[in-house]
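What follows is a single structure, written as structure tokens, with notes after it.
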Amino acid sequence: VKHEYSNGVLRSFLTSWTFQNDEEAIKEIPPFELYDETPRMFARNMLSSCSQNAILFVNGDNDTYPLLYEQIKNNFRQDVLVVNLSLLESHYYVNRILNSYLKSQGVQMTMQENDYAGNENDYFLQDSDRFKQCMNVAGMEYQINDYYLTRGNAIIYDIIKGNNWKRPICIGIFCPRRTFSPLWKYARQRGLVLEMTKEKGNDYPVDIDLNFNLNYYKNVYEYCSYKAPLTDWQKDIGYSISSYFANVINTMLQKGKINDAEALYQIYEKNFPDELLDANYFTINFVYQFKGSEAGNIKAQNVLSKLQKDY
């Protein structure tokens, strides 16, 4: 209940911010604390994953509102501009993110308002000039195979194009892969985000910045206390985070960085409960590596049982 109430308050804040200004919007934030510590720690961890002055694409309520709250209430990483994918379908919201917010500059775009406002710009078909202008943005080579782009999808590409590598561009942990799939080979996993780079890498699995992640999970990431029974929110966020974490450990093993992988595994096992770990098949490989075949077999059976129960 508290979480939904908190999201509602931040929804009012964002509406006021979109149609008015920072000063009026901040009046929507009450003097008492919103959110429990778990979503606030998640927010700080995601913001901490971003390079300085980044543009961070996020997807839904739970990866938007807690981040905005931490920026407003605790002045945490106000240099990061949080951009919600769903709201990019509204030209009013697009107009607003062109302007500065807190300590972050607005986005730069090549499109003018008459290029994206109005019902006639809800969709851009494959043979349209606007669709073609979304191809090969900022020196990256890729192919968009869709028959059309929505306003919001086209604006994502235009933000990247208008930015032209001036600021880091990050993709949050809950953003749907399909939205960014043509660009995936230019992304590197850093903490809880993917950061765009000029260098082409793997499409899947995505490349991982191992040095950044080693320091991040050892010295930067804030670990929360998961207590049973877990809330649905804790399960969703915990599973996603544990998957990102597990990807780092498995990649370290593949690269022969055994000591680094083992150090992170000890942290991983200490901070994520079995209810999350048993739902995550990414964990099987390094359980075999660090605990032997018997423990690996048990882990594999637990994961299989969990999958059979859920599906």
Test item: side-chain donor near acceptor, Asp79 and Ser104, under 3.5 Å: no

side-chain contact (heavy atoms from CB on, under 4.5 Å) between Asp146 and Gln126, intermediate numbers included: CA-CA 7 Å; Asp146 297 315; Gln126 194 176 55; over 6 Å; no

Lys200 and Met140, any side-chain heavy atoms less than 4.5 Å apart: no

Pair Thr150-Asn153, side-chain donor/acceptor within less than 3.5 Å: yes

Side-chain touch Asp209/Gln189, heavy atoms, less than 4.5 angstrom: no

side-chain contact (heavy atoms from CB on, under 4.5 Å) between Val248 and Leu214, worked out: CA-CA 8 Å; Val248 174; Leu214 178 63; over 6 Å; no

Within 6.0 angstrom of Lys257 NZ, more than 12 heavy atoms from elsewhere: no

Flag, side chain of Tyr93 to backbone of Phe19, donor-acceptor distance under 3.5 Å: no

Ile169 side chain near Asn163 side chain, heavy-atom distance below 4.5 Å: yes

Separation between OG1 of Thr179 and CD1 of Ile171, rounded to the nearest 0.5 Å: 9.0 Å

Candidate pair Arg190 and Ser51, rule side chain to side chain donor-acceptor pair (under 3.5 Å), full reasoning: CA-CA 9 Å; Arg190 289 167 49 95; Ser51 297; 3.2 Å; yes

Aromatic ring proximity, centroids under 6.0 angstrom, Trp17 and Tyr101: yes

Any donor-acceptor N or O pair under 3.5 Å, side chains Asn59, Asp63: no

Modelled atom types, side-chain donor and acceptor of Asp61 and Asn7, under 3.5 Å: no

Flag if over 12 foreign heavy atoms under 6.0 Å of CG, Asn219: yes

NZ (Lys2) with more than 12 external heavy atoms under 6.0 Å: yes

Tyr35 side chain to Tyr69 backbone, donor-acceptor under 3.5 Å: no

Side-chain (Asn121) to main-chain (Ala117) donor-acceptor, under 3.5 angstrom: yes

Residues Asn62 and His3: side-chain donor-acceptor under 3.5 angstrom: yes

ILVMFWY network linking Val193 to Met41, side-chain heavy atoms under 4.5 angstrom: no

Near-ring test Phe180/Phe57, centroid separation under 6.0 angstrom: yes

Under 3.5 Å side-chain donor-acceptor pair for Glu89 and Tyr116: no

Asn75 versus Gln78, side-chain donor and acceptor atoms under 3.5 Å: yes

Straight-line distance of Ile159 CD1 to Met109 CE, nearest 0.5 Å: 5.5 Å

Glu199 CD: over 12 foreign heavy atoms closer than 6.0 Å: no

Glu37 with Arg44: basic N within carboxylate O range, under 4.0 Å: yes

Residues Tyr216, Ser49; criterion side chain to side chain donor-acceptor pair (under 3.5 Å); working and verdict: CA-CA 8 Å; Tyr216 175 79; Ser49 302; 3.1 Å; yes

Expected output: side-chain Arg188 to main-chain Asp207 donor-acceptor under 3.5 Å: no

Joint hydrophobic cluster, Val220 plus Phe212, side-chain heavy atoms closer than 4.5 Å: yes

Within 6.0 angstrom of Lys166 NZ, more than 12 heavy atoms from elsewhere: yes

CA sep, side-chain torsions, deciding dist, call: Val83, Ile55, side-chain contact (heavy atoms from CB on, under 4.5 Å): CA-CA 7 Å; Val83 177; Ile55 298 168; 3.9 Å; yes

Ring center gap for Tyr268 and Phe245 short of 6.0 angstrom: yes

side-chain contact (heavy atoms from CB on, under 4.5 Å) partners for Asn21, two or more places apart: Glu23, Glu24

Residue pair Arg151 / Ser90, side-chain donor-acceptor N/O under 3.5 Å: no

Connected-component partners of Tyr123 among ILVMFWY, side-chain separation under 4.5 Å: Leu125, Tyr147, Tyr148

Criterion side-chain contact (heavy atoms from CB on, under 4.5 Å) on Leu149 and Cys134, from CA distance to verdict: CA-CA 9 Å; Leu149 291 173; Cys134 293; 3.8 Å; yes

Approximate separation, where rounding is to 0.5 Å, of Ile160 CD1 and Leu183 CG: 5.0 Å

From CE (Met252) to CG (Leu210), nearest 0.5 Å: 5.0 Å

Greater than 12 external heavy atoms within 6.0 Å of Tyr92's OH: no

Glu33 atom CD: more than 12 heavy-atom contacts under 6.0 Å: yes

Spacing of OH belonging to Tyr157 relative to CD1 belonging to Ile144, to within rounding of 0.5 Å: 4.0 Å

From CG (Leu264) to CD1 (Ile249), nearest 0.5 Å: 5.5 Å

Atom CD of Gln105: over 12 foreign heavy atoms under 6.0 Å: no

Any Phe42 side-chain heavy atom under 4.5 Å of Leu67 side chain: yes

N/O donor-acceptor pair under 3.5 Å between Thr64 side chain and Gly60 backbone: yes

Close side-chain approach of Lys255 and Leu253, heavy atoms under 4.5 Å: no

